[in-house]
Visitor: 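Quick one: the structure is below, and I'll ask about it shortly.
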Amino acid sequence: MRLQDAIPGFAETLRSGDDLSPHSVRAYVADVRALDRFLGPGASATDLNPDALNRFAQHLLTCGIKRSSARRRIAGVRKLCSWLAAEGWLGTNPADGCKIKPARERTLPKALSRHDTSVLLNHLEAQSMRSRRRADGWRSPAATTYLAAALMVATGMRGGELVSLTIGSVDPALGSIRVLGKGRRERVVYLPPGRVQASLDSYLTERGARICEPLLVDRAGRRLTTAALRDRISRAARNAGIERTVSPHMLRHTCATHLLDAGVDIRLVQRLLGHASIATTEVYTHVSDVSLQRAVCRADVVGSIQMPR
């Protein structure tokens, strides 16, 4: 079987058997296509052996892509090999002999400071209030953008998770939202009482929509896309005078960092963010350490004490 002919069956197994999201399926299919291009035209399943996979892995490490992308691509190829072996196209799994595994990159997630977070949310809230006074109500892009930003900062939801929500995902009485995350793992996030809860309640009241309808929509009433959300957040940050480029994922990082700074247990933050492994959440402790170091340097307790003459 040619590798390109194996893709439809592989993708269908990922969708139905592994119950992966469309985004994950597209990523795995892209991994297989990259392997197919590397092996050359007409590559077949029988061309997959430990030597070929090791050469492909080595190629990924030297072609200029990020190590995290290389790790994900190798993981996709391993999944393909497991599937081919299970389906009987290969006698053994050649990925068992693939020894190369790129080390993880220890890059700190980018988060907004408390000051910049406040500036962004205040700017969006002011815009939302002005549009409501003009009787635009919930149809105003400003109202939707403010709610989206506030929800991400409060709950740490991913942008894709946020735009996938329906009206029925929200339980106003409990102040909770049911989220479908990576790997179709479901979790519940909670809103703090006050500003965010009040904004969401007002938005839902004005919408008066059915539970099956999207929570966040554009002016035409269509579900807000991740691209539109990213553009809105970036533009709002620029208009608010924030010099850094701000993305929805940065607001997720901001939520996690501020929670840990506030002393929230890391396992609770893990549950809130929907991380399968606490090792993923632990990167935020390094961000908190950086914040602590900066705070100590600014305070300089010993240096500020006047020495006796």
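If you're wondering where the values come from, they're calculated on a predicted model, not measured in any experiment.
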Visitor: Using the side-chain contact (heavy atoms from CB on, under 4.5 Å) rule, take H123 and I242 through it: C-alpha gap first, then chi angles, then the decisive distance, then the call.
Guide: CA-CA 11 Å; H123 169 75; I242 297 174; over 6 Å; no

Visitor: Please report the interatomic distance CD1(I65) to NE2(H59), rounded to the nearest 0.5 Å.
Guide: 7.5 Å

Visitor: Between I278 and I266, does the side-chain contact (heavy atoms from CB on, under 4.5 Å) criterion hold? Intermediate values first, please.
Guide: CA-CA 8 Å; I278 198 168; I266 189 172; 3.9 Å; yes

Visitor: How close do R187 and L272 get, heavy atom to heavy atom, and via which atoms?
Guide: NE-O, 2.8 Å

Visitor: May I ask you to test the L14-K79 pair for a side-chain heavy-atom distance under 4.5 Å?
Guide: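 Side chain of L14 against side chain of K79, heavy atoms only: contact under 4.5 Å found.
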
Visitor: Any side-chain donor paired with an acceptor under 3.5 Å for N93 and S82?
Guide: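 Per modelled atom types, N93 and S82 side chains form a pair under 3.5 Å.
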
Visitor: Between atom CG of D261 and atom OG1 of T254, what is the distance when rounded to the nearest 0.5 Å?
Guide: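 Interatomic distance, D261 CG to T254 OG1, rounded to 0.5 Å: 11.0 Å.
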
Visitor: For side-chain hydrogen bond (donor to acceptor under 3.5 Å, both in side chains), just list the numbers for S234 and R238, CA-CA rounded to whole Å, side-chain angles, deciding distance to a tenth of an Å, and then say yes or no.
Guide: CA-CA 6 Å; S234 175; R238 288 196 304 271; 3.0 Å; yes

Visitor: Heavy-atom distance under 4.5 Å between the side chains of L80 and L3, does that happen here?
Guide: yes

Visitor: Do the side chains of T226 and H23 get nearer than 4.5 Å, heavy atoms only?
Guide: no

Visitor: Are L268 and L260 connected in the hydrophobic side-chain network, where two residues link if heavy atoms are under 4.5 Å apart?
Guide: yes

Visitor: Under 4.5 Å between side-chain heavy atoms, counting indirect links through other Ile/Leu/Val/Met/Phe/Trp/Tyr residues: same cluster for M250 and V119 or not?
Guide: yes

Visitor: Just by distance, do the side chain of T13 and the backbone of G9 share a donor-acceptor pair under 3.5 Å?
Guide: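 Looks like yes, one N/O pair under 3.5 Å.
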
Visitor: Does one hydrophobic cluster hold both I74 and I7, with members joined at side-chain heavy-atom distances below 4.5 Å?
Guide: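 Linked, I74 and I7 end up in one cluster.
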
Visitor: Counting heavy atoms not belonging to R185, are there more than 12 under 6.0 Å from its CZ?
Guide: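 It does: R185 CZ has more than 12 such atoms within range.
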
Visitor: Is V25 reachable from L180 through a run of hydrophobic residues whose side-chain heavy atoms are each under 4.5 Å from the next?
Guide: no

Visitor: Between the side chains of S169 and T166, is a donor N or O closer than 3.5 angstrom to an acceptor N or O?
Guide: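 There is such a pair between these side chains.
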
Visitor: Can you confirm whether L191 sits close enough to I177 that some side-chain heavy atom of one is under 4.5 Å from a side-chain heavy atom of the other?
Guide: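 The answer is yes; the side chains approach within 4.5 Å.
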
Visitor: For L174, look at atom CG and say whether over 12 heavy atoms of other residues, nucleotides or ligands are found less than 6.0 Å away.
Guide: yes

Visitor: Please verify the inter-ring angle class for F10 with Y28; under 30° counts as parallel, over 60° as perpendicular, anything in between as tilted.
Guide: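 Ring orientation of F10 relative to Y28: perpendicular.
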
Visitor: Can you measure from CZ (R271) to OH (Y190) and round to the nearest 0.5 angstrom?
Guide: 7.5 Å

Visitor: Answer with yes or no whether the side chains of Q58 and N54 bring together a donor and an acceptor at under 3.5 Å.
Guide: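 No.
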
Visitor: Could you check if a side-chain atom of P248 sits within less than 4.5 angstrom of a side-chain atom of R252, using non-hydrogen atoms only?
Guide: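 They are not in side-chain contact.
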
Visitor: So which atom in R195 and which in Y146 form the shortest heavy-atom distance, rounded to 0.1 Å?
Guide: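 Taking every non-hydrogen atom into account, NE-OH, 3.2 Å.
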
Visitor: With a 4.5 Å limit on heavy-atom distance, are the side chains of V163 and T225 in contact?
Guide: no

Visitor: What distance separates L39 CG from R37 CZ, expressed to the nearest 0.5 Å?
Guide: 11.0 Å

Visitor: For the residue pair A34 and R73, what are the closest heavy atoms and their distance?
Guide: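 So the minimum-distance heavy-atom pair works out to CB-NH1, 3.5 Å.
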
Visitor: Measuring from atom CG of D51 to atom CZ of F56, what distance do you get when rounded to the nearest 0.5 angstrom?
Guide: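 With rounding to 0.5 Å, CG (D51) is 14.0 Å from CZ (F56).
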
Visitor: Can you give me the closest heavy-atom contact between L84 and A45, atom names plus distance?
Guide: CD1-CB, 4.2 Å

Visitor: I'd like to know if the side chain of T205 and the backbone of D201 have a donor-acceptor N/O pair within less than 3.5 Å.
Guide: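 Confirmed, T205 side chain pairs with D201 backbone.
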
Visitor: Name the one of L124, D231, L229 that satisfies side-chain contact (heavy atoms from CB on, under 4.5 Å) with T145?
Guide: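 The side-chain contact (heavy atoms from CB on, under 4.5 Å) with T145 is passed solely by L124 among L124, D231, L229.
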
Visitor: Do you know the tightest heavy-atom contact between L48 and L53?
Guide: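 Reported closest heavy-atom pair: CD2-CD2, 4.1 Å.
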
Visitor: Quick check on the hydrophobic clustering: are L112 and V264 connected, directly or via other members, by side-chain heavy-atom contacts under 4.5 Å?
Guide: yes

Visitor: Once you round to the nearest 0.5 Å, how far does CG of D47 lie from CG of N49?
Guide: 8.0 Å

Visitor: So, for A154 and P192, which heavy atoms are closest and what is the spacing to 0.1 Å?
Guide: CB-CD, 4.1 Å

Visitor: In the structure I gave you, are the side-chain heavy atoms of I167 and L215 within less than 4.5 Å of one another anywhere?
Guide: yes

Visitor: Between R232 (side chain) and P141 (backbone), is there a donor-acceptor pair under 3.5 Å?
Guide: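 Yes.
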
Visitor: Has R244 got a side-chain atom pairing as donor or acceptor with A111's backbone, closer than 3.5 angstrom?
Guide: yes

Visitor: Looking at side-chain heavy atoms only, is the closest gap between Y203 and L216 below 4.5 Å?
Guide: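 With C-beta onward as the side chain, the pair touches.
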
Visitor: Among V189, L251, V196, which one satisfies side-chain contact (heavy atoms from CB on, under 4.5 Å) with T155?
Guide: V189

